[in-house]
Chemist: 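Questions regarding the structure given below will be posed in turn.
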Amino acid sequence: RDMIEIAFEGESREVVNEALALLEASFSRPIPIDGETYSVDLLFGAAVNDGPPSDEIRMTEQAEHALRQATGDRRSVVCD
C-alpha cells in the first residue's frame, strides 16, 4: 500500500505542524521488522482550516492537492 489516510484535528496550524514533525522524526531512522531493518519514506499532504468548520469534500480536495505537491517536491506540504 502506498497511501494511508489519517484524519487529525488540532486547535491551530501549529499543532498540525508539530504533529507532522513528530511523525517525520519517528520514521527518520530505519525500523526493525521481523529481524530486518527497513527505511520508511513518508510524505504528508495536509489541509488546514483555521476558521469555522469547513465541508469535508473541500478539505479532502485540499489534502489531495497538498499530497500531489508533496510528492513532486519530495517534502511534506500543508495547505490552507
Side-chain angles (χ1 to χ4, degrees):
R1 187 169 175 160
D2 66 351
M3 186 169 70
I4 299 171
E5 203 171 306
I6 300 171
F8 175 82
E9 292 184 26
E11 295 179 13
S12 69
R13 182 185 176 121
E14 189 57 38
V15 172
V16 174
N17 289 339
E18 289 173 7
L20 290 178
L22 180 62
L23 286 167
E24 288 171 336
S26 297
F27 288 93
S28 64
R29 287 174 260 124
I31 57 173
I33 300 174
D34 291 334
E36 296 184 39
T37 56
Y38 295 89
S39 292
V40 178
D41 183 24
L42 297 177
L43 295 173
F44 296 94
V48 175
N49 178 24
D50 287 334
S54 182
D55 78 58
E56 249 180 74
I57 293 172
R58 183 173 162 272
M59 292 297 289
T60 300
E61 288 172 349
Q62 285 183 317
E64 289 171 349
H65 172 76
L67 184 56
R68 285 190 301 274
Q69 185 177 347
T71 300
D73 294 352
R74 300 299 304 153
R75 63 176 181 82
S76 296
V77 173
V78 179
C79 289
D80 292 319

Chemist: With side chains defined as the heavy atoms from C-beta onward, is the minimum distance between T37 and I31 less than 4.5 Å?
Modeler: no

Chemist: Judged by atom type as modelled, is there a donor-acceptor pair below 3.5 Å linking the side chain of D55 to the main-chain atoms of I57?
Modeler: yes

Chemist: In chain order, what residues pass the side-chain contact (heavy atoms from CB on, under 4.5 Å) check against I6, with sequence neighbours excluded?
Modeler: I4

Chemist: Could you go through residues 13-25 and list every donor-acceptor pair under 3.5 Å that involves a side-chain atom there, pairing it with any protein atom two or more places apart or in another chain?
Modeler:
residue	atom	partner	partner atom	Å
R13	NH1	D80	OD1	2.4
R13	NH1	D80	OD2	3.2
R13	NH2	V78	O	3.2
E24	OE2	S76	OG	2.5

Chemist: According to salt bridge (charged side-chain N to carboxylate O under 4.0 Å, His left out), does anything in residues 32-41 pair up with another residue at least two apart or in another chain? List the pairs.
Modeler: D41-R74

Chemist: Does A66 have any side-chain contact (heavy atoms from CB on, under 4.5 Å) partners at least two apart in sequence or in another chain, and if so, which?
Modeler: V77, C79

Chemist: Looking only at heavy atoms, which two atoms of Q62 and A47 are closest? And how far apart?
Modeler: CB-CB, 3.6 Å

Chemist: At what distance, to the nearest 0.5 angstrom, does NE2 of H65 lie from CD of Q69?
Modeler: 5.0 Å

Chemist: With clusters defined by side-chain heavy atoms of hydrophobic residues (ILVMFWY) lying less than 4.5 Å apart, directly or transitively, does I33 cluster with L42?
Modeler: yes

Chemist: Among residues at least two apart in sequence or on other chains, which ones pass salt bridge (Lys or Arg N to Asp or Glu O under 4.0 Å) with R68?
Modeler: none

